[in-house]
Protein chains: 2
Amino acid sequence: MKDKLTTDNASGTMSVRYINKKGDEVSVKHILLGVLSWAPNSGYGIKSEVEYKGRELGWGRVSFGSIYPQLKKLVDEGLIQTLHTGNEGRKTKIYELTSKGWTELTHWLNQPPSPPEMRDELFIKMSFWDTGSPEDRKSLIHHLRSRLKENREMLSHFEEWTKNDLSAIGEIGGISMDFIIARIRFDIEWYEKMVAVMNQQSNIPRQDPDQLFEKAKARRIEALRKDLVDED
Amino acid sequence: MKDKLTTDNASGTMSVRYINKKGDEVSVKHILLGVLSWAPNSGYGIKSEVEYKGRELGWGRVSFGSIYPQLKKLVDEGLIQTLHTGNEGRKTKIYELTSKGWTELTHWLNQPPSPPEMRDELFIKMSFWDTGSPEDRKSLIHHLRSRLKENREMLSHFEEWTKNDLSAIGEIGGISMDFIIARIRFDIEWYEKMVAVMNQQSNIPRQDPDQLFEKAKARRIEALRKDLVDED
DNA sequence: TAGGTCATGTAATCAGTTACATGATTTT
DNA sequence: AAAATCATGTAACTGATTACATGACCTA
């Protein structure tokens, strides 16, 4: 269980770094522990909590297929326990943290967080746009507008929530919530700006010292032309 | 291969939505295709390209363990081909896109991108901070300062890159790069602000209509006290 | 000649999703 | 009585990482 120092060939930084021991990374486990720290809850309830509060809060999504087995595992590990099972007709299991669970949560919180991992398909596409789809910007503008719309909806969702919702937000949670909202506003401004820039047909390549784009363009045309000839 | 309309029990939105057909989502596949659209490259070369340019560009990471098998698969599918193999002593395989590959890339670019998926452990932790670790803000301030440092380093990395680097950036790629840099600046400002706020010991809970935090605190103390008694 | 970098590849594993099965309760 | 929602769970799968194996070439 000790950290291991290794030449990390697989990481591609081609240097030496620490391989983390298992157990401290982000996972469903800690989200479950965290949500249960707010209040005892059921698997189903946790899911809706994550859906509702965790949206764009940097939580990602969690499916039932990982919640229920994980809850069982946490009970086995003694981190949570059932508060009461199916008091009414509906067989709902309500879980709460054990003292071991509280300790584990606190310990995890004090561990340094790993850098944010994000994958934004829009950005990925934009980085390849110039070679892959140089002629039609219409499609990209459409992508941007959809993103803009999504973000506007998200913004009002959060604004509504912070104003009207009765559920608890602590001081720290509130600060991060303010951050999230400010960032959505920032993003919206930028998406608007990008749409505007994109609309004024410019088409000046920014940097192409080795004529990489020119060559790519040529290769692309060549490849597609060859295709047409082959089909005859 | 047709879209299927389903009552989506597993998604937890507990509503009806479209299940996407496979093949259009973000994946290593399209990153490989995209990097190869810039210029023919090897598996190893693609990896360093992703490390270097893709850092915080919304690409995520890619490991050799997924690159090499995926390259093989793409050859089988006829989307890429080896340009030349190991001309010198070193057995480097250089791949390039086929016409089918260019078509696939262009098609993928025109598909609407899925919403960004991100998981930021720092935010997750902050949302649970108030219940899990109410007493010591020191640890959180430390997390924030580390994040601040990381972002400052990232900023200078990107600023250096756009100024001095000779590699190609197209118009669109340049715009998204500007966005990324602006967002890092925005984040830095906010992290600074948060550290400042955190330092002036306030400790006023923001919203707690149902005394959820009070109760959580009590449960926590109770659970931890019980633990101590049991150990006797 | 030893250590680093360049370079490709595979087997084991893993965290998580998807899809399915089941059934009670509530709403229309 | 049908449809939607609440609620739990499992089996199959999947995309990816980790860890390992191998070897050439480069430079201090």
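This one's a predicted model, so the numbers in the text were calculated from it and none came from an experiment. Proteins get letters first, then strands, A, B, ... in listed order; numbering begins at 1 in each.
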field: Selected nucleotide, minimal atom distance to Y68(A) side chain, candidates dT17(C), dG9(C), dT10(D)
entry: dT10(D)
Could you list the donor-acceptor pairs under 3.5 angstrom formed between side-chain atoms of residues 150-158 of chain B and any protein atom two or more places apart in sequence or on another chain?
from: R152(B); atom 1: NH2; to: E192(B); atom 2: OE2; distance (Å): 2.7
from: S156(B); atom 1: OG; to: R152(B); atom 2: O; distance (Å): 3.4
from: S156(B); atom 1: OG; to: E153(B); atom 2: O; distance (Å): 2.9

field: Proximity to the side chain of T92(B) - top-ranked nucleotide from dT8(C), dT5(D), dG9(D)
entry: dT8(C)
message: Quick check for you: among dA16(D), dT8(D), dG16(C), whose closest atom lies nearest to any side-chain atom of V28(B)?
response: dA16(D)
message: Are W38(A) and F213(B), when compared by the centres of their aromatic rings, separated by less than 6.0 Å?
response: no
message: Applying salt bridge (Lys or Arg N to Asp or Glu O under 4.0 Å), can you list everything that pairs with E214(B), at least two apart in sequence or on another chain?
response: none
- prompt: Should S42(A) be listed as having a side-chain N or O under 4.0 Å from OP1 or OP2 of dA7(D)?
  reply: no
query: Side-chain N or O of R119(B) less than 4.0 angstrom from OP1 or OP2 on dG16(C)?
result: yes
- request: Report the nucleotide, chosen from dC6(C), dG9(D), dC6(D), that has the shortest atom-to-atom distance to any side-chain atom of Y95(A).
  value: dG9(D)
- request: Determine to 10° how strongly the helix from dT1(C)-dA28(D) to dT28(C)-dA1(D) is bent, judged from the axes of its five-pair ends.
  value: 30°
task: Consider the side chain of S27(B), meaning its heavy atoms from C-beta on, and name the nucleotide among dT10(D), dT10(C), dA16(D) that approaches it most closely.
output: dA16(D)
- request: Give a yes/no answer on whether the side chain of K72(B) brings an N or O atom under 4.0 Å of OP1 or OP2 in dT10(C).
  value: yes
- prompt: Does a side-chain N-to-carboxylate-O contact under 4.0 Å join D120(B) and R147(B)?
  reply: yes
task: Check every strand shown and say whether G43(B) touches a base, only sugar-phosphate, or nothing at a heavy-atom separation below 4.0 Å.
output: sugar-phosphate
task: Measure from the side-chain heavy atoms of S63(B) and tell me the nearest of dG9(D), dT8(C), dT17(D).
output: dT17(D)
message: If you compare every side-chain N and O of K91(A) against the phosphate oxygens of dG9(D) (OP1, OP2), does one of them come in below 4.0 Å?
response: no
message: Counting only side-chain heavy atoms from C-beta out, which of dG9(D), dC6(D), dA7(C) sits nearest to Y44(A)?
response: dC6(D)
